[in-house]
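To start, the structure itself, in structure tokens.
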Amino acid sequence: MFADQSSNVPVAKDLASVLAPSRSIDFQIPGLTNPGRVLFPRDGITKRDAAAYLFQVNKWLLPHIVDRPISLLRCADGIDGEQFFQRHPGKGFPSEITTLSLDSEDEPLLAINDAEALLATAQISAIELHPWGCRSDDIENPDRIIIDLDPDEAVGWNVLVEAAFIVRSELESRDLKTFVKTTGGKGLHVVVPLTGQHTWQQVFEFSKLFATALAKLHPKRFVANMSKSRRQGKIFVDYHRNRRGATAIAAYSLRARPGASVSTPITWDELPMVNPGDFTLRTLPTRLAALRTDPWAGLESTEQRLAE
DNA sequence: GACAAGC
DNA sequence: GCTTGTCAACGCTGA
DNA sequence: TCAGCG
Ligand SMILES: [Mn+2]
Ligand SMILES: [Mn+2]
């Protein structure tokens, strides 16, 4: 992370000084090559901006990804260039990013376990972070379910919000407490933390059953069938996020989209008052600084399991 | 983005 | 030294 | 079987 930089640009003494309001844009973040590389052309957002964002939010973001296998969406030439997922380390991969060699996997997986590893993701232009729904040390037992709501183009935001409240209420009637976040795209994620032991099969069967029940209950609003043609004007309840090896965008991760949007945890109370475009690399630091409490307070301490 | 091969 | 090419997931669904 | 999907 502190590799040679053969340039006469001053190197910041520490990351805090990089982020000071009066900072010179000439300061470098240690170890970051091509800091001026534009990753988001429409927004003029650079690799340096992405690294600074990750540093600023690291205490919020890390709890949602540490000790989980993770896949990275990399955009070495910016979001308009070639993009690719990476789920295994390769040659020259940053040593800060943990390599998980698991008996169950043919190839090692990745994990981001501290702030240094998070900054290393900026160095390799890994914009999106996609963790698994389980812990590295308990790979066969998921500890959360994500009900992924994918609206068709024709579905308005307010309809989606209403739909999310229906999901919340249906899960509440099954004695499950839920948390909600924007995806940074057009959808919403309803997160169900689990304690105790559940298998992938249990979790998948539950979410499939839940999605199909929802579609049966509100056929005008929801579909559980992923075929595009059946989704006209409806919300696809994508239960496929809850399979072993499947991933979903991490809370507080950037998205590789114009605007540098962020998948953002919110409270159920603020859901009716926000717009999906409210949350970006530019706005998140301000939002987080102003928050009096974690919108997801209680997620870690929620103890609940699926009915037998 | 990192690396190896080819010029 | 510089340029160029190669590589960097995965597995299910529904037709 | 395979393009499409997230
Ligand atoms: Mn490149
Ligand atoms: Mn989705």
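Throughout, a chain's letter reflects where its sequence line sits, starting with A, and its residues are numbered from 1.
- Nucleic acid contact for A:Ser227: sugar-phosphate only, since backbone atoms but no base atoms lie under 4.0 Å from a heavy atom of the residue.
- Of the C1' atoms belonging to D:dG6 and C:dC7, the separation is 23 Å, rounded to the nearest Å.
- Side chain of A:Gln86, nearest nucleotide from C:dA8, C:dG14, B:dC3: C:dA8.
- Put simply, the side chain of A:Asp67 does not reach to within 4.5 Å of the side chain of A:Asp137, judged on heavy atoms.
- For A:Thr33, taking side-chain heavy atoms from C-beta onward, the closest of the listed nucleotides C:dC10, D:dC5, B:dG1 is B:dG1.
- For A:His88, the listed nucleotide lying nearest its side chain is C:dC10; candidates were C:dT13, C:dC10, C:dA15.
- Candidate nucleotides D:dC5, B:dA2, C:dC10 were compared by shortest atom distance to the side chain of A:Arg231, and D:dC5 ranks first.
- Here the rule is side-chain hydrogen bond (donor to acceptor under 3.5 Å, both in side chains) with A:Ser263, and of A:Arg255, A:His189, A:Lys181, A:His64 only A:Lys181 fits it.
- Closest contact between the side chain of A:Gln123 and the listed nucleotides B:dA2, C:dT13, C:dG14 involves B:dA2.
- Base contact: A:Glu82 has a heavy atom under 4.0 Å from a base atom.
- Candidate nucleotides B:dC3, C:dG14, B:dG1 were compared by shortest atom distance to the side chain of A:Ser125, and B:dG1 ranks first.
- Separation of the C1' atoms belonging to C:dA8 and B:dC3 is 12 Å when rounded to the nearest angstrom.
- The existence of a salt bridge linking A:Glu105 and A:Arg87 is excluded, since no basic side-chain nitrogen approaches an acidic carboxylate oxygen closer than 4.0 Å.
- A straight line from NZ of A:Lys228 to C1' of D:dA3 spans 13 Å, rounded to a whole angstrom.
- Less than 4.0 Å separates DNA chain C from at least one heavy atom of each of the following residues of residues 236-266 of chain A: A:His240, A:Arg243.
- For B:dG1, the OP1/OP2 oxygens have a side-chain nitrogen or oxygen of A:Asn34 closer than 4.0 Å.
- Classified by interplanar angle (parallel below 30°, tilted 30° to 60°, perpendicular above 60°), the ring pair A:Trp132/A:Trp200 is perpendicular.
- Set against B:dG1, C:dA9, C:dT13, the side chain of A:Ile124 has B:dG1 as its closest nucleotide.
- Checking B:dG1, D:dG6, C:dC10 against the side-chain heavy atoms of A:Arg37 singles out B:dG1 as nearest.
- Looking at heavy-atom distances under 4.0 Å, A:Lys208 makes no contact with the nucleic acid at all.
- Using a 4.0 Å heavy-atom cutoff across all strands shown, A:Asp77 reaches no nucleic acid atom at all.
- Aromatic ring pairs are classed by plane angle as parallel below 30°, tilted from 30° to 60° and perpendicular above 60°; the pair A:Phe204 and A:His240 is tilted.
- Taking only side-chain nitrogens and oxygens, A:Lys91 never comes nearer than 4.0 Å to OP1 or OP2 of C:dT6.
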Output a table of donor-acceptor pairs, distance under 3.5 Å, between side-chain atoms of residues 156-164 of chain A and any protein atom two or more places apart or on a different chain; print 'none' if there are none.
{"from": "A:Trp157", "atom 1": "NE1", "to": "A:Val274", "atom 2": "O", "distance (Å)": "2.9"}
{"from": "A:Glu162", "atom 1": "OE1", "to": "A:Arg221", "atom 2": "NH1", "distance (Å)": "3.2"}
{"from": "A:Glu162", "atom 1": "OE1", "to": "A:Arg221", "atom 2": "NH2", "distance (Å)": "3.2"}

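- Listed candidates were B:dG1, C:dT13, C:dC10. Nearest to the side chain of A:Met226 is C:dT13.
- When atom types are taken as modelled, the side chain of A:Glu128 and the backbone of A:Ala256 share a donor-acceptor pair closer than 3.5 angstrom.
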